[in-house]
There are 2 protein chains.
Amino acid sequence: MKPIYQRIADDLREQIADGTLPPGAKLPTEADLREKYGTSARSTVRQGLSLLVNEGLIVPQRPKGYFVREIRPLVYRPQDEFRRKPPEVDIYTHLLASTGDERRPAQDIEVSIVEPGPTVRKRLQLSETDLVAVRRRTRRLDGEAYNLNDSYAPLSLVEGSEWMTPADVARGTNTVLAELGRELVRALDEIYVRMPTPEEVRRLDLGPGTPVAEHVVTTFAADDSPVQVTINVVPGDRHVIVYERVKDPRDEDRPRSNWGAE
Amino acid sequence: MKPIYQRIADDLREQIADGTLPPGAKLPTEADLREKYGTSARSTVRQGLSLLVNEGLIVPQRPKGYFVREIRPLVYRPQDEFRRKPPEVDIYTHLLASTGDERRPAQDIEVSIVEPGPTVRKRLQLSETDLVAVRRRTRRLDGEAYNLNDSYAPLSLVEGSEWMTPADVARGTNTVLAELGRELVRALDEIYVRMPTPEEVRRLDLGPGTPVAEHVVTTFAADDSPVQVTINVVPGDRHVIVYERVKDPRDEDRPRSNWGAE
DNA sequence: AAGTGGTCTAGACCACGCA
DNA sequence: GCGTGGTCTAGACCACTTA
């Protein structure tokens, strides 16, 4: 016999999965569940609900009750190359249309000079004593934070340039880098999936049970030396990360190009 | 004043972060903590510990105690993993090297015919009555599951072909698709970050507090019609996802290609 | 046998949003 | 003021692993 709290979680999880409890629906109260499962110790019911909270399926809204989580994923496209008329447009217009998206973007920008952490130092190939400049941005949609975007560049490169302006740079900071002789021609993306730190929970106002993707972009100049590292922290419940790939003719001589299939 | 259970979690989290409690270390027992924080209700202590469990920082090993999670087979060595030329190669050789390179890969393959779920149906542009074939694979390294890889194709396309062989296909299933006149030339990747379902926890033997990336690859033929959908479920604690991008000359006419920086 | 965490009981008081 | 979830008390018995 399964423990009561697991039965509670399993039953509710199934109701959420099959649509009996659609997104936004109110769940039974703790008292309801206590009665229904004959347990009558609140902790047992709460233990079951906490499973679902930590799975990101429900959120408690005190003192209104528990509600099925509503997700509004935004498309997060590290790439920017959609020039065919692709079927994926259907997928995403659908995703976005269903959320009725007229949210206004905004962002906070802070620029400072710091000692790089090991992640940044390694990717920028800096020595122990080198300093970096960092543009920290918290990007919002109608006030709701939806990702963190911290760009790091060697201080020796960007010092005194417009890159360090703590405001939007109309022609783009990458244009500034190009003007400094460091045009970006190649990028390496690494994506780590993990639970957020308390700091990230605070900055992004994350609910419990929300994992994040840490998206580290290292960009290189034409001589293959690194120019900039950007660390994006994107909440799993607010984004889908999208890439498009086209068959590269240079792959022809390879035995199998697997496309992620095997 | 913060609640006791949060103080417990905060204190332990800090000790884990600063190395006082290194990976693999044993935490104080519930009884120890009860005494130390003067709370003497087990539930309070357990509430604090459960925070850390759900953050993926610690794991309970009954009845030995709680231990700091040992993970991140992806931690980079302070070496030259970012050399010139294709850096991603270095990352992966490093990844394998750091995990003890002699692990033998294996996989279970099952093939069946099912009604597609909405995710698959939409991406394959199927009607309500169309069926799909699915190759479900659980891929292992020395017995430890490290990802799930389910490929879906229209039954009408692959029926009777080698694609449906429930075993490794030496020349690759994509070659089989090419022989069927549906060579894959383009792919759309979507990455969703979320907590795993109980089913995934079981198949991948995930610890608590381990998020997953659901990596959906839709592949297209030369005529831009979808051929196959592959859903990879990859545990966050065992993988880093890497893409490399090269500046596309066709992007020149665009005002700003952002490289993920803004 | 001892010690650990897993589950559960039967209460208590509090903080907060809403009617 | 009422109902909700948030926190906490002070116990109980059980399952499992190791000594």
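Every heavy atom of this structure was used, including side-chain atoms; hydrogens, water molecules and symmetry mates were not. So you know, we letter chains A, B, ... as the sequences are listed, proteins then strands, and number each from 1.
Rounding to the nearest 0.5 angstrom, the gap separating the CG atom in B:Leu131 from the OG atom in B:Ser112 is 11.0 Å.
The residue among A:Arg42 and B:Arg42 whose nearest nucleotide of DNA chain C is located toward the 5' end is B:Arg42.
In terms of phosphate contacts, B:Thr44 brings a side-chain nitrogen or oxygen within less than 4.0 Å of OP1 or OP2 of D:dT9. The side chain of A:Ser43 contributes no N or O atom lying less than 4.0 Å from OP1 or OP2 of C:dT9. Put simply, B:Gln47 has a side-chain N or O that comes within less than 4.0 Å of OP1 or OP2 on D:dT7.
Considering every non-hydrogen atom in both A:Val212 and A:Pro196, the closest pair reads CG1-CB, 3.9 Å.
Rounded to an integer number of Å, the gap from CG of A:Leu52 to C1' of D:dG5 is 15 Å. When the P atom of D:dC13 is taken as reference, atom CE of A:Met1 falls 21 Å away, rounded to whole Å. Between A:Leu49 atom CG and D:dT4 atom P the separation is 13 Å, expressed in whole Å. In this structure, CD1 of A:Ile4 is placed 5 Å from P of C:dC8, rounded to the nearest angstrom. The nearest whole Å value for the distance from the CZ atom in B:Arg46 to the P atom in C:dT7 is 7 Å. The nearest whole Å value for the distance from the CZ atom in A:Phe67 to the P atom in D:dT4 is 11 Å. Atom pair A:Leu33:CG and D:dG5:P shows a separation of 9 Å (rounding to whole Å applied). Summarising the geometry, the separation between CG on A:Leu27 and C1' on D:dT4 is reported as 14 Å, rounded to the nearest angstrom.
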Item to complete: Would you please test B:Ile191 and B:Glu214 for side chain to side chain contact (heavy atoms under 4.5 Å, CB included) and show each step?
Response: CA-CA 6 Å; B:Ile191 300 170; B:Glu214 179 177 326; over 6 Å; no
- prompt: Can you list the steps and then say if B:Asp108 with B:Arg139 is a salt bridge (charged side-chain N to carboxylate O under 4.0 Å, His left out)?
  reply: CA-CA 7 Å; B:Asp108 303 336; B:Arg139 308 163 81 183; over 6 Å; no
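Between the side chains of B:Glu30 and B:Tyr66, a donor-acceptor pair is found at a separation under 3.5 Å.
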Anything under 3.5 Å between a protein N or O and an N or O of nucleotides 2-4 of chain C, put it in a table, one pair a line.
from	atom 1	to	atom 2	distance (Å)
C:dT4	O4'	B:Pro63	O	3.2

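When distances are taken from the side chain of A:Tyr5 to each of C:dC8, D:dC8, D:dT7, the shortest belongs to C:dC8.
Screening A:Arg135, A:Arg137, A:Gln107 for a side-chain hydrogen bond (donor to acceptor under 3.5 Å, both in side chains) involving A:Asn149 leaves a single residue, A:Arg137.
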Can you give me every donor-acceptor pair (side chain of residues 233-241 of chain A, partner residue at least two apart or in another chain, under 3.5 Å) with its distance?
from	atom 1	to	atom 2	distance (Å)
A:Asp237	OD2	A:Arg69	NH2	2.7
A:Arg238	NH1	A:Ala145	O	2.5
A:Arg238	NH1	A:Leu204	O	3.0
A:Arg238	NH2	A:Leu204	O	3.2
A:Arg238	NH2	A:Asp205	O	3.1

